[in-house]
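This report concerns only the one structure given below.
These values consider heavy atoms only, across backbone and side chains, with no hydrogens, waters or symmetry-generated copies. In what follows, chains are A, B, ... by sequence order, proteins preceding strands, each numbered from 1.
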Amino acid sequence: QELYAPNLAYRTGPFAATGIPLMNGQRDYMTMLNARDGGIGGVAINFEECETGYSTEKGVECYEKTKGQAIVTQPWSTGITLQVLPKSNVDQIPILAPGYGFSPMADGKVFQWAFNTPASYWDAASMMLEYIGEENLKGKKVAFLHLDHPFGKEPLPLMEKKAADIGFELLPIPVGLKEMQNQSAQWLQIRRERPDYVIMWGWGAMNAGAITEAVKTRFPMDKMIGVWWAGHDADLKIVGEDGKGYKSISFSYPVLDAPLMADIQKYVVDEGKTLSNEEEMQGVFYSRGLVISMILAEGIKVAQEHAGTAEISPSDLRWGLENLNITEARLAELGMTGMVPPFQTTCANHTGHSGGWMLEWDGEKFQKVSDLLQAEAEVIAPLEAQMAAEYAAANEPWPVSACN
Amino acid sequence: MLNQIFVAPFVDMFAAPDFLLQVLWEGLVSGILYALIALGFVLIFRSSRIFNFAQGIMVVFAALTLVGLYEMGVPAWVSVVLTLGVMFILAVSIEKIVLRPLVGQPDIILFMATIGITLFLIGLGEIIFGGENKVMITEALGIPTGSVVFEPWGGLLILEEKDITAVGVAGMLVVALLLFLNKTRMGRAIRALGDDPQAALSVGISLQTIWVLVWFIAGIIALVTGVAWGARAGVSFALEVIAYKALPVLMLGGLESITGAIIGGLMIGMLEKLFEIYWGQPILGGNTETWFAFVLALIVLLFRPQGLFGEKIIERV
Amino acid sequence: MLDSAPIREPLLEVNNIEVIYNHVILVLKGVSLSVPKGGITTLLGGNGAGKTTTLKAISNLLQSERGAVTKGSIKYKGETVQGRDPAELVRRGVIQVMEGRHCFQHLTVEENLMTGAYTRRDGKGAVAADLEMVYDYFPRLRERRKSQAGYTSGGEQQMCAIGRALMSRPEMILLDEPSMGLAPQLVEQIFEIVKSVNEAEGLSFLLAEQNTNVALRFAHTGYILESGRVVMEGLAADLRENPDVKEFYLGMSDEGRKSFRDVRSYRRRKRWLA
Amino acid sequence: MLYRTAGQFKTSYKADQALFPVKQDAILLGVILVFAWVVFPLAASEFTFQTLLIPILIYALAAMGLNILTGYAGQLSLGTAAFMGVGAYACYKMVTLMPWMNPIVAILLSGVFSAGVGVAFGIPSLRIKGFYLAIATLAAQFFLVWLFEKWAWLYNYNASGAIQVPNLEMFGVYVAGPQADSLVQYYVVLAIVSVMTMLCINLTRGTLGRTWKATRDVDIAAELIGINLMKSKLTAFMVSSYIVGVAGALFVFMWRGAAEPNLFDIPLSFRILFIAIIGGLGSILGNYLGAILIVGLPVVLGTLPAALGVPIASSMVEHINVMMVGALIIFFLIIEPHGLAQLWRLIREKLIIWPFPH
Amino acid sequence: MLDDTKPASAGQTVTDIALMELQNITLRFGGVVAINDISFDIRQGEVRAIIGPNGAGKSSMLNIISGFYTPSEGQILYKGAPRPAMRPYEVARTGVARTFQNIALFEGMTVLDNVMTGRLTHMNAGIFSQALWLGKARNEEIANREIVEKVIDFLEIQNIRKTPVGRLSYGLKKRVELARALAAEPSILLLDEPMAGMNVEEKEDMSRFILDVNDEFGTTIALIEHDMGVVMDLSDRVVVMDYGKKIGDGTPDEVRNNQDVIDAYLGVAH
Ligand SMILES: Nc1ncnc2c1ncn2[C@@H]1O[C@H](COP(=O)(O)OP(=O)(O)OP(=O)(O)O)[C@@H](O)[C@H]1O
Ligand SMILES: Nc1ncnc2c1ncn2[C@@H]1O[C@H](COP(=O)(O)OP(=O)(O)OP(=O)(O)O)[C@@H](O)[C@H]1O
Ligand SMILES: [Mg+2]
Ligand SMILES: [Mg+2]
């Protein structure tokens, strides 16, 4: 008996570089649970990967292939998420998209089956601005360097709103999918416009490209902040010392001496079951992979308790993911203290808004340089509600739940 | 609007000449790199009328092999030699497995076959090297990594030394190739083959030898390109898309012309950068580099259907 | 004229070969012939008889047209040629001049000629001397040496192709319809060249021709091919006297040359079809 | 002796021009149609509909459009995906601006827009030939995708820049959007694709088809025997882009449900080109064979290790898959450069003379 | 003319009316003067041969007549009126059909389809009618097919009707090309070396076809050929070119005995 929780992974294609450590982390966590606890609630987890290469088409194929038995879909790309989102109501399978996807998915009433726990892109943008500080932003110019793709455009509504509210100039600079490795035009623009800050929404090969160009253009590194997918150790290692001061917001942090890491070492690495390596395991992305699988595992656990059976259905899992309560105490039990901030989800709140930390590259690795930052719920919530409603209207008939 | 199109950009250029120079330099460097890829294309096209789409992946493959070997502890220059060996084996296998059975087939079939090669190499490469972004071993190869800074008119102009090196190496490569093609027996055979493979066979030009040779040279060019590009942004499979950039360069310069590839590359590199910075970003929302080169090439072709330096298409009945 | 040339040892022997195109189209149905060293042998036959196919089978150029020799053997100087690289054959002295003037369109006439010397290793001087020789044979080519071959007239291209073959210093030339599209005095001239090369250098020729008249005048031996089979062979002189050959290949009736105006649609049956 | 044409005499030119002059072909077609209309829909699972049946039909249609241009008229196009995009975006704008519009009518109309764009980008073909012409289509490819990205009006200014198919109904049944049933969508696609195939067959065997083929084979000679090359090429661009546009609309509305601009980028163009070439340029049947191979193969390869119980990581399967597709493309090009359709033709020729070898 | 409804003007004799007059034609390619101030005419119903050494400019002359080259100087009178500048396909529609020195058949089509392309100038059903295979398109297809079948019968290529032309031998290809040109029912037929690469037997056949076309349909024929036997036997009048210049013009007998022609071309008297 097993629970089928497939992962639409991508270890190939132009985004593989950032995908692999995440997938490895996710996989190792589940492997560890299976080895240590015999799965969850006594049932083994079948954590099969279905390779998408970050291609939406392959993603949909994987979705169709797995949806028969799967209790969850982990689409792993904003494009695939957008594609399967409308189908989730019909197929009734929860979509788990931690830290990515469509920010308004936070609105659980409209997006009953979608979860972007523990934090959304709008959360990320909000925290980044907060970190810089309102006083430092007023009247300044902020370049928003982003992948010209749904993923890169996600935070724009919030950024535009904040720009208007605070009074800074927002300068969106798109990077085409084919220009990821050759961003000299974008960086010439940055040189010409002399922004005070660069906020980067990069992914895959774009990150390394941007960071090397930034170094070359002599843009002050400490004025450059990336989203959490632009905080991959390997991307910064290319420039090493020169990247010192580069920051990235994150909802996860590697705690190498955490008890969980010891378990991973014992049950996975020592058994030769990992696909990762020591260097990668110390990085931000690997540990984020662990966190993401933890969220899924916790959701399953809550669902099992609620349903009273270990063999839960997709709807049970949805209930579980809606009733996560990851407290400090629970994190301690999991041996993950400090690896992710505590958060809680509800039927109406599918994100949990955990908040996050600002990490900074010190020339060798990322260091936590802030206390826990929290996104501005009062700005984000109405925006979420509004865009969720627009989405529902455009996709009539679209079921909306009351959540009570 | 008219002001934005016809006046403002020039005012900008004039107002910050150092910046204009920087833009041109960046354009020049990308142009050289496009041209290098285009060179690989031209050589193969000349000898076999094969439009070798796989040149892009060969660049990635060469660069990854180099870095991979180095990471395994092989000294840098030994890695270079071994990589050349790998490129040679690749050339031989492509000739044996793909080209030989397809002799005399229509152009488009051969073009498709090279796309097949591309896919095959992507799959194989990812199995061997994994998908991670790798750091080019710039320093180990002794390529300078500093930068030269000028301050013309009180402004700032930054030239990376590795870019300067790339420009120099590319220049030498071109001269060598031109001499080879025009002054040697092999060069003539290469051109003959491109015209009429059947007749070339009949006079004893061995397709095998020439094709292996040509693909091997293309492999060397790919390695140089891979090092140059890799030094800028790391090496990963995402690099493969730069192959597309070589297409308009080729068309603009003329499919058979080495000079055309170089001049086409430089023109496209610089013009697309200028257009993007002074027109694209302010007026069109940016990212015009994705299509500018193609549209430019198209416009040129409307006036010269064989490209700037291509061989005139002989039409007789 | 030269009919009485002595029959020497065979240089090339084709033994009962069968050729199939595209795995389905059977074109040669058992062709055998032999070319003596230092002789001019001609292969006659109507359109589609299989002359070109025979020559290509010998020079191993069939492969690129999806054709294959499925039976029989071809031997040059006693060694099998099947499965060898065409380039190797050229090096060993067999070169083909293809039907339909395959010149390298974008190369100049002179460059075209120079490619003929591709396999040679005997130094620039010798090649240059041969280039002069070719120009002496074909003065028209000298005039047009700097033009791209693609822009020369049909006849000029034919000369260029033959000149190119001579540049390889072969022992045997497979000549596919050299007269096609050439002005009469040029045809004569080319055959004269063939003859003088044959006599002076001992070069052997296998000559596929439609122009039976000229071919039989210059060749020593001849074969007539019809629908992929050899229907007649013999000394050129004998062939010329054969009444069927006379009527069907030379356009002669008993009263001498027929006018093309008088041709009736009714014709006597060929004897070998009976 | 199964496949004997001997004895099937034609007594009129009309009969000789019938679609299937050979009886066995007509029977075969009948069998295929029964499968397509009855057996598959009854037997297929959701997964089969979504990953095989529907995409194969749509890809075959797109390839057919490309084949008209490249296979019949000889104009190489590397921009098919962009023209599909035009169809898809046109359809999206129509159904969102005019929600009352019948979705099938919208899909059929959207081809008109791509036909217009196709003709515009086809104009350079009058001067530019061969691979050089590919540049015109590449310019279309990259420019249009850029436009889909930048012109917010096209995607109704929504935040993600992607288009999402709304629920569309026809006679009370959902035919597009998340609520639509795969079976219904399959039938809609099948109907449209069948009709288009019929029209294509008619066009390619008639005057226009001959005009195109003449243009393709020797354009100079074609012009000298009285063919207006401009008209010939532009009609090819028009018809081709129309079909491709309809395929694009079907692609998004009947299958994918949502689309980002880069969906219509060059890999899709190449994919369709593969289908057309592996299937056979200048053949209608080939597009189906090619689509079955190119769409079906990765699916089969992907499920194979699991079915055989071989434990291979899915990323490895994917790597091998990419390699295999590459290798198979080369393999098929080598065994028959003129495509699967030609292979079928050869088999037929063999069957006709069977049991004799020649 | 191939149409049964029209009475065949069989046995038409050569008239004195010039169907086409070429006046002071000069053609230059960059520096090369391919044709240098040549004038001659082609009369209604005659067989007009153009001969000359290789590279003399014969094919170029034919290309000018069929509109593929535009003369650098000079003009063409066709059916009595000066011909304006035209695209080649427009020239074809005025009743000029031709064959090519280097066969230019549509290799991807069957013989039948190739010959049908010759009828394209006579077919004009709209695209919708074709797509639906209804009414006009279908009738037109059948009507033209009948004409084409007559040409095919006439040239005795019935048995290869459905063969792709790529598989044919050279001689048959030439015949198919002739069929394609004939199918257009031209007023003037231009043949560029129709008998190159044929043996006597085949030349005899081809001669018969050419003569029959000329006799039975009254088609005017301009012909380039290197086989003097053929030229002398078939043609009514002969133009001789050398290095782009006209060096002789007259009946076969006149030309045969013209010393310039003998020197430049014939070598020996024929
Ligand atoms: N590539 C090919 N594929 C299929 N059939 C072919 C091919 N080449 C030649 N044939 C066929 O083989 C037969 C012999 O052709 P071949 O060219 O050898 O004749 P030939 O005697 O040289 O005629 P010609 O005098 O016209 O040149 C012809 O019937 C032709 O149709
Ligand atoms: N498009 C062109 N560009 C340049 N030169 C040309 C072109 N067409 C023909 N010529 C030149 O014009 C001259 C006449 O060529 P043309 O083909 O008319 O000769 P021809 O009399 O038909 O000879 P042949 O009997 O060998 O076919 C030749 O020298 C040829 O090189
Ligand atoms: Mg022949
Ligand atoms: Mg000529």
Side-chain angles (χ1 to χ4, degrees), chain D residues 5 10 12-19 21 68 71-74 115 126 195-232 235-236 238-239 242-243 280-283 338 342 345 349, chain E residues 63 66-68 87-100 103-109 112-114 116-134 137-146 148-149 161-162 165-166 177 180-181 183-184 186 190:
Chain D
T5 50
K10 304 297 165 323
S12 71
Y13 295 136
K14 206 165 142 183
D16 198 35
Q17 281 162 351
L19 261 187
I68 296 273
Y72 285 93
L126 304 179
V195 170
M196 295 279 225
T197 306
M198 193 61 216
L199 299 185
C200 279
I201 291 175
N202 284 340
L203 278 181
T204 50
R205 69 188 173 137
T207 317
L208 205 49
R210 280 190 292 267
T211 312
W212 288 335
K213 288 188 252 180
T215 310
R216 167 194 72 190
D217 287 346
V218 201
D219 56 351
I220 298 176
E223 186 163 24
L224 282 165
I225 64 164
I227 290 174
N228 182 345
L229 289 184
M230 177 165 88
K231 226 171 114 187
S232 162
T235 48
M238 184 178 83
V239 173
Y242 176 80
I243 297 168
L281 285 177
S283 142
H338 299 105
Q342 173 74 5
R345 245 172 265 140
E349 274 182 39
Chain E
N63 283 337
S66 62
F68 184 60
R87 301 283 308 158
Y89 76 89
E90 293 168 318
V91 174
R93 289 177 185 198
T94 63
V96 179
R98 65 172 291 173
T99 65
F100 301 87
I103 301 172
L105 281 173
F106 307 125
E107 299 263 328
M109 292 192 240
L112 180 62
D113 274 340
N114 263 283
M116 283 294 280
T117 56
R119 297 294 307 165
L120 285 175
T121 45
H122 300 259
M123 297 169 83
N124 52 14
I127 182 166
F128 290 106
S129 145
Q130 285 187 49
L132 298 169
W133 203 251
L134 288 176
R138 193 176 175 149
N139 296 335
E140 193 179 73
E141 188 81 12
I142 291 169
N144 284 288
R145 172 77 185 270
E146 276 163 16
V148 162
E149 287 292 342
R161 206 189 268 127
K162 297 265 164 102
V165 290
E177 233 190 2
R180 183 177 68 189
L190 313 173

Could you give the distance from CG (D:Leu199) to CD (E:Gln130), rounded to the nearest 0.5 Å?
12.0 Å
What's the shortest heavy-atom distance between D:Val218 and E:Phe106, and which atoms?
O-CE2, 3.7 Å
Looking at side-chain heavy atoms only, is the closest gap between E:Asn144 and D:Thr207 below 4.5 Å?
no
Please flag which part of E:Ile127 lies under 4.5 Å from any non-hydrogen atom of chain D: side chain, backbone, both or neither.
both
Given side chains that start at C-beta, do those of E:Phe68 and D:Ile220 come closer than 4.5 Å, heavy atoms only?
yes
One should read off an interatomic distance between E:Leu120 CG and D:Thr211 OG1, to the nearest 0.5 angstrom, of 4.5 Å
Contacts of E:Glu140 that satisfy salt bridge (Lys or Arg N to Asp or Glu O under 4.0 Å) - sequence neighbours left out:
none
Please flag which part of D:Met230 lies under 4.5 Å from any non-hydrogen atom of chain E: side chain, backbone, both or neither.
neither
D:Leu208, D:Asn228, D:Thr204: which one forms the most heavy-atom pairs within less than 4.5 Å of chain E?
D:Asn228
So, taking the atom named NZ in D:Lys213 and the one named CG in E:Asn114, what distance separates them when rounded to the nearest 0.5 Å?
9.5 Å
Distance (rounded to the nearest 0.5 Å) between D:Leu224 CG and E:Asn63 CG:
7.0 Å
Minimum heavy-atom separation for E:Glu141 and D:Gly206, please, with both atom names.
OE1-CA, 4.1 Å
If every non-hydrogen atom of D:Ala214 is compared with every non-hydrogen atom of E:Met109, which pair is closest and at what distance?
N-CE, 3.3 Å
Residue list, side-chain hydrogen bond (donor to acceptor under 3.5 Å, both in side chains) with E:Ser66, at least two apart or on another chain:
E:Arg98
Name the region of E:Thr117, side chain, backbone, both or neither, that has any atom closer than 4.5 Å to a heavy atom of chain D.
both
